Amino acid sequence: MIKREKVVNILQSTVFNREITVLGWVKTFRNNQFIALNDGSCMSNIQIVVDFANTSEDILKKITTGAAISITGQLVESLGKGQSVEVKATAIEILGESDAEKFPLQPKKHSLEFLREIAHLRFRTQTFNAVFKIRHKLAFAVHQFFNDKGFVYLHTPIITASDAEGAGEMFRVTTLDFDATPRNEDNSINYKEDFFGRSANLTVSGQLEAELGAMALGEVYTFGPTFRAENSNTTRHLAEFWMIEPEVAFADLEDNMNLAEDLLKYVIKYAINHCPEELAFLTNRLAEEEKNKPQAERSDLDLMAKLQFCLDNNFERLTYTEAIEILKRSKPNQKKQFKYLIDEWGADLQSEHERYLVEKHFKKPVILTDYPADIKSFYMRMNEPDEQGRKTVRAMDILFPGIGEMVGGSQREERLDYLKTRMGEMHIPEDELYWYLDTRKFGTAPHAGFGLGFERLVLFVTGMTNIRDVIPFPRFPKNAEF
RNA sequence: UCCUAAGUAGCUCAGCUGGUUAGAGCAUCUGACUGUUAAUCAGAGGGUCCCUGGUUCGAGUCCAGGCUUGGGAGCCA
């Protein structure tokens, strides 16, 4: 067993002049004398003082940025400024060398674009140390939140045979030999020969399966990987991402909104309470980035203040129809500054409109509800048409500043006849979803749920701006390295 | 997929209306110094100028096609 003390504990220790062993990776080696050592247990480094006069040249040469080393020495109060404790090394062991000519990380600022190209090494930077710690804490907080409320964590399938969900392009799953695919008489591919005896895909959503669980367990949630084969090239989309999808029986849209707002506030608060060092670092990092931006593009609140603001204020709730009225009267619409002008009820909101509502008009998270039925999915509950005969569904989207849509959800259509009518209109084959329809045949009940994009949450909390920097190994078009 | 900008040393970037041997800072290496905080000082090495064609006496620079990346848009979480 390797006996060692973690840097996080050493830095807080007040018991001096005792021998300790610390293992970690060298961040810098200054003046042939001072090692900044990090073991991942916290963002800060421990300073190791090397008696270079009594250390072999061979060892000194191998103390390079990136090398893994073991230090045994005396924990003492630091003689220098900048740190309170340090370790006077008495024994140095090189565990793993790091060729200084080849190791790409230098003790200096690197661009996020460059670090993305070395995603296998970017964990070793402070920024990614902070991002992935926060990511972990947020994931843990999600489970804690739901567990405390009595929800059941449901593992919905990653491989699905259904291609009727309509949530986007899917990745095919097959064991067929591409060079010799079995064919039917009409030359179409014979999926009966495939592994599952039918065509299969990676899941684009666990919602339909979660609904099945909710109809017995009452309150369930999923938290798993989700795959979309869209050719999306943005700072907000990934081909493989993680989604949290609660589904609650005996709940309406208002319950759904309350649940989503409570969840978001809970996990953000959890991050603030459990990642103070990481958030302070990222707040500072973002502030430095903003210094390079023109005044007009800088935000009034820093990252910590933004998170706190989010906790202290209720999300603004309004209907799509109300939002359209606000947008119609808005300055950018009247002055024709929007690329897509708002003139008619029924149009889908573009991201410039969402941004206006969230960032300019309300200046806080916004929950939009009751969208036109024509632009939403088949499973959303139909409202009674309004006095003008306009049809809306009980949908809700939660929009966040800088992120856009963080949550998309709805009260589900529990009435079999309404559901079948909608499926017919939207050309969704009933026979493929017979199991879904069965829930409406046998003891149907009002229920609601939503999908929360986990990486978008991490984006918001960390203040990072590209979604590819908040997941360890991002998958996006033309990129699946590592 | 569309619009737009970019691709030059390990990194960040400069390179003018086409013209000798393509530069800087940091990093690396060598030496000096030794309580440093991205240490400092001196010196040295380091290039498929994204790829393929084309124009030209001559292309890092101009043209065409392609690849990749950043930003914006669409699709969405």
Side-chain angles (χ1 to χ4, degrees), chain A residues 27-36 44-45 47-53 60-61 64-66 76 78-83 86 88 98-118 121 125-126 165-169 204-207 222-245 260 293 297 338-340 348-355 375-377 397-400 403-409 450-460 465-469 471 476-479 481:
Chain A
K27 305 291 274 192
T28 63
F29 185 32
R30 286 184 295 269
N31 220 355
N32 226 8
Q33 208 178 165
F34 303 101
I35 303 169
S44 309
N45 307 319
Q47 171 154 290
I48 310 295
V49 184
V50 178
D51 179 6
F52 63 90
L60 288 175
K61 280 222 185 308
T64 56
T65 302
V76 295
S78 180
L79 298 175
K81 288 172 191 151
Q83 60 283 315
E86 62 192 19
K88 277 186 117 58
S98 175
D99 186 341
E101 287 210 58
K102 295 189 179 130
F103 188 62
L105 288 170
Q106 301 158 20
K108 72 167 213 176
K109 205 182 153 176
H110 289 292
S111 69
L112 293 172
E113 291 83 3
F114 171 65
L115 294 172
R116 223 170 279 149
E117 289 170 20
I118 50 166
L121 296 172
T125 64
Q126 286 187 295
E165 290 167 37
E169 291 295 311
V204 291
S205 164
Q207 179 201 318
T222 74
F223 187 173
T226 308
F227 307 88
R228 305 266 168 98
E230 307 286 350
N231 191 8
S232 294
N233 294 285
T234 77
T235 54
R236 304 176 303 284
H237 291 87
L238 291 165
E240 176 183 290
F241 63 100
W242 289 67
M243 186 155 63
I244 297 141
E245 296 179 289
K293 284 191 187 167
E297 287 174 33
F338 282 143
K339 196 172 162 207
Y340 299 91
D348 209 348
L349 298 180
Q350 306 293 319
S351 55
E352 59 179 347
H353 307 131
E354 295 180 350
R355 274 210 314 275
I375 58 174
K376 287 292 182 182
S377 307
D397 282 2
I398 304 186
L399 310 176
F400 261 65
I403 313 285
E405 189 179 339
M406 175 93 77
V407 167
F450 60 83
L452 165 64
F454 184 58
E455 282 75 19
R456 291 186 181 177
L457 171 65
V458 182
L459 265 186
F460 180 73
T465 50
N466 193 318
I467 202 162
R468 296 167 185 180
D469 296 329
I471 187 167
F476 51 97
K478 304 277 181 279
N479 199 306
E481 210 172 335

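Throughout, protein chains are lettered first and strands after them, A, B, ... in sequence-line order, and every chain is numbered starting at 1. Model, not experiment: these values are computed from the prediction.
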Query raised in the report: Counting N and O atoms only, with roles assigned by atom type, does the side chain of E230(A) sit under 3.5 Å from a partner on the main chain of E169(A), one being a donor and the other an acceptor?
Result: yes
Report task. State whether the side chain of T64(A) and the backbone N or O of S98(A) hold a donor-acceptor pair below 3.5 Å, judged by distance alone. Result ->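 Yes.
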Do the side-chain N or O atoms of [X] get closer than 4.0 angstrom to the phosphate oxygens (OP1, OP2) of [N]?
| X | N | result |
| --- | --- | --- |
| R355(A) | rG72(B) | no |
| R116(A) | rG70(B) | yes |
| S232(A) | rU1(B) | no |

Query raised in the report: How do E455(A) and A100(A) order along RNA chain B: which one's closest nucleotide is nearer the 5' end?
Result: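 Whichever sits nearer the 5' end wins; that is A100(A).
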Query - RNA chain B: 5'-proximal contact among F454(A) and S351(A) (nearest heavy atom) - result: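 That would be S351(A).
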**Report entry** Separation of rC76(B) P from I467(A) CD1 (nearest whole Å)
**Finding:** 16 Å
Report task. Let me know the distance between CD of E113(A) and P of rG10(B), rounded to the nearest Å. Result ->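 The answer, rounded to whole Å, is 19 Å.
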Requested in this report: Could you tell me whether F29(A) and F34(A) have their ring centroids closer than 6.0 angstrom?
Outcome: no
Report task. Tell me which nucleotide among rA73(B), rU30(B), rU69(B) gets nearest to the side chain of K478(A). Result ->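 In terms of side-chain proximity for K478(A), the closest of rA73(B), rU30(B), rU69(B) is rU69(B).
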Requested in this report: Side chain of R236(A) only, please: which of rA73(B), rA77(B), rG70(B) is the nearest?
Outcome: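 Between rA73(B), rA77(B), rG70(B), the one nearest the side chain of R236(A) would be rA73(B).
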Query raised in the report: How would you list, by chain and number, every residue that makes a ring-ring contact (aromatic ring centres under 6.0 Å, His included) with Y340(A), sequence neighbours excluded?
Result: none
Report task. Give a yes or no on whether a salt bridge exists between D397(A) and K376(A), defined as a side-chain N under 4.0 angstrom from a carboxylate O. Result -> yes
Query - Lys/Arg cation over aromatic F400(A): R456(A), 6.0 Å, 45° cone - result: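 R456(A) over F400(A) ring: no.
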Query - Paired nucleotide for rG65(B) [Watson-Crick or G-U wobble; both distances under 3.5 Å] - result: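 Result: rC51(B).
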Requested in this report: Both distances under 3.5 Å, Watson-Crick or G-U wobble: report the partner of rU1(B), or none.
Outcome: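 Base partner found: rA73(B).
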Report task. Encode nucleotides 32-39 of chain B as B, S and - characters from 5' to 3', where the letter depends on protein heavy atoms closer than 4.0 Å: B to the base, S only to sugar-phosphate, - to neither. Result -> --BBBBBB
